[in-house]
Protein chains: 2
Amino acid sequence: MTTIKDVAKAAAVSTATVSAVINDSAYVSPPLRARVQAAIDDLKYEPSQMARNLKKGRSQLIGLVVADLANPFFARMVWAAEAAVAAWGYSLVVFNSDEKPENERKALARIRALSCDGALVVPVGLPAHYAQRDAEGHGIPTVLFGRIVEDRRSDTVTIDNVAAASQVTNYLLDLGHTRIGSITGPLHLTTGRGRLDGMLQAMQQRGLAPEPGHVRAGEFREDVAYSVAREMLDRPDRPTALYVANGVMALGVMRALADLSIPCPQEISIASTDTIPGIGGLRPRLTRTEHPIIEMTNEALRLLVDRIQRGDNTPPRNVVFQPALILGESCAPLRRGSV
Amino acid sequence: MTTIKDVAKAAAVSTATVSAVINDSAYVSPPLRARVQAAIDDLKYEPSQMARNLKKGRSQLIGLVVADLANPFFARMVWAAEAAVAAWGYSLVVFNSDEKPENERKALARIRALSCDGALVVPVGLPAHYAQRDAEGHGIPTVLFGRIVEDRRSDTVTIDNVAAASQVTNYLLDLGHTRIGSITGPLHLTTGRGRLDGMLQAMQQRGLAPEPGHVRAGEFREDVAYSVAREMLDRPDRPTALYVANGVMALGVMRALADLSIPCPQEISIASTDTIPGIGGLRPRLTRTEHPIIEMTNEALRLLVDRIQRGDNTPPRNVVFQPALILGESCAPLRRGSV
DNA sequence: CACACCGAGCTAATCGTTTCGCTGTATTTT
DNA sequence: AAAATACAGCGAAACGATTAGCTCGGTGTG
């Protein structure tokens, strides 16, 4: 590899001058500058980011830890994040915790070891880890995404899960449904707990409550939702409407309905928070809330870059986004007599 | 941050000894070792990968450049790649070229600047760029994925596109279809060209050829496929069966069918190469080939790590995977009289 | 008893940059 | 004309680690 020294030698100048030329960090007379530039081009010299970063104490790297890369929601987040960090001049190092605290720990350790300038994390739920930013304000700037954990030291960007769920549930209630079931995610996550709570709240406000067997919580996974749905919907006392907590689960439920030959929305109404991008071909189209992943990701990175570049030490900010209800054809008014 | 010097001072030893302890690279007497370890724990010292990498001339980073992060196929590839590189002890830096040569160039430049130890690239098609590995064998080990470009210096991992397409087309032909159309990708890519060729070959072997208006090539995108399909299928002379070149495009076609109220497979048979993971809820289930993304990605990284770790300088290897035909319900035998 | 040898740890050079502070010259100010 | 200021460029010390080579006692051998 050709180094700055080679260039310096070739141009018969000092390395300091070469550095000044490539960084425009000091005045260099035109003729000299030209000579140096010629040497650079000639030797096809490219400065080593590594050495530069070691010296400057930064890495131009941003770590992204998502909870489940197989989930299209997070895949889309990677997409948005890559575009955003590239625009800011950083590169994105991606980690998948797969909902496992142990993996998350490893990822964060790696992020520290690589001296990433910042981290965007979808936490799997154990508060301890994120204390990167310790008491004295040291540590890697971190933004927590999507899920709230007990950490008053990081910025957070989340969605209002309770509102999302109750919005969807209210829609089902407005259609006349009262036997509403739910399939939600892990209750130790705010995305799981909050959505279930929102659903329960909405029903409670109308003096209703779901039947015990109609409330299920599992993992945010297609196959889990599929089996839960098959089991719940195969019984005679099945609900007339079902609230599903996220996009992949909704897909699992639709698959179960197809397999059980239960027509939707004729026999059952399905509504969910979150959806999968690009499945417009799926009929019936899902009634669901849509979450502004891209805006959320951009905002998260804006916060992060703020901290990184401005050494911003103001108290943590917590940005909460609101979901939007999008109507599909997966819900129908309750047919009298089917209760 | 605490450095190796701090630890050395705290333990009253030289930095060499500390280094020996953390790397197990030389014998250190038990008592001294203990003292050093205590100092390390005490100061919560973590060696800086950056400094270490600068010295050792590697970065423990692998760059991944995909052609379209918004495509679930590549999202899944990221998922598989992250897992694989983590298992090998590397971290994954992700780039999206978005099918634009300019972005790809930037990504590769960045990969070089970061001194990534290797690169896995889904090329957008211009051969020049990948000449990282120059004549003298220098440059970053690179594996080209999915698409073939004129570069005899890199390993490649691809799928047999021609076989995939002709397999699918033959299936349609076996069902009696003769008016078969196709919607494929950009013809400058082997994934586009090859699939179209495979389809044409299969027909040719039975003495058939598609009608000119039934052969369309566009981008590998849902919305593009949607509009092409709408246009092609809204006409009276539409084909009785349609071959679609990839998963997202198939989704777009299904959406077009839904919007046009053309029942599938009753009125038209749809078959594709590639599909989208996790859309089992979509009915009818698509008849398609499935591509072993995970195995392909693992294999690609195996090749890459081989080159990196063994400094393997053997001639480039080209691994070609075979797709598997999976039957859904999106195809039906040709109804007599509908030709 | 002198010799070589060995084991345990240290010194210092090195990786490829950036940057502080210096030098020697040229220009301006008094 | 002397003093002050500015300018262009250089030398060398960092950044935080690794590692070749050295030192310095202690042991084993002839």
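Convention: sequence-line order gives letters A, B, ...; per-chain numbering from 1.
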Does the side chain of [Y] come within less than 4.5 Å of [X]'s, by heavy atoms?
X	Y	value
Glu299(B)	Met296(B)	no
Val28(A)	Val36(A)	no
Ile159(A)	Pro292(A)	yes
Ser59(B)	Leu114(B)	no
Thr2(B)	Lys44(B)	no
Arg112(A)	Ile140(A)	yes
Asn103(A)	Asn96(A)	no
Asp98(A)	Asp68(A)	yes

Quick one: label Asn23(A) by what it contacts on the DNA or RNA (base, sugar-phosphate, nothing), any heavy atom closer than 4.0 Å. sugar-phosphate

So Glu46(A), base contact, sugar-phosphate only, or nothing? Heavy-atom distance under 4.0 Å. sugar-phosphate

Tell me the interatomic distance from [X], atom [atom1], to [N], atom [atom2], rounded to whole angstroms.
X	N	atom1	atom2	value
Arg35(B)	dC10(C)	CZ	C1'	13 Å
Asp24(A)	dT18(C)	CG	P	12 Å
Ile22(B)	dG16(D)	CD1	P	14 Å
Lys9(B)	dA17(D)	NZ	P	13 Å
Lys5(B)	dA12(C)	NZ	C1'	12 Å
Gln49(A)	dG16(C)	CD	C1'	12 Å
Leu54(B)	dT17(C)	CG	P	9 Å
Ile4(A)	dC10(D)	CD1	P	12 Å

Lys56(B) side chain: which of dT19(D), dG11(D), dA17(D) is closest? dT19(D)

Quick one: which of dT19(D), dG11(D), dT17(C) gets closest to the side chain of Ala16(A)? dG11(D)

Can you tabulate the close N/O pairs, meaning under 3.5 Å, that link protein atoms to atoms of nucleotides 7-9 of chain C?
| unit_1 | atom_1 | unit_2 | atom_2 | d |
| --- | --- | --- | --- | --- |
| dG9(C) | OP1 | Ser29(B) | OG | 2.7 |
| dG9(C) | OP2 | Ser29(B) | N | 2.9 |

Residue among Val93(A), Val94(A), Leu61(A) satisfying side-chain contact (heavy atoms from CB on, under 4.5 Å) with Ser91(B): Val93(A)

Lys/Arg N to Asp/Glu carboxylate O, Arg35(A) vs Asp42(A), below 4.0 Å: no

Taking only nitrogen or oxygen atoms into account, show me every contact under 3.5 Å that the protein makes with nucleotides 21-23 of chain D, one pair per line with its distance.
none

Rounded distance (nearest 0.5 Å) linking atom CG of Leu92(A) with atom CD of Glu82(A): 7.0 Å

Say you draw a straight line from CD of Glu104(B) to CD of Glu99(B); how long is it, rounded to the nearest 0.5 Å? 9.5 Å

Check the phosphate of dT18(D) against Ser19(B), side-chain N and O only, distance under 4.0 Å to OP1 or OP2. Yes or no? yes

Could you tell me whether the side chain of Lys55(B) has a donor or acceptor atom within less than 3.5 Å of a complementary atom in the base of dT18(D)? yes

Look for any protein N or O under 3.5 Å of an N or O in nucleotides 21-23 of chain C and output each such pair with its distance, or none.
none

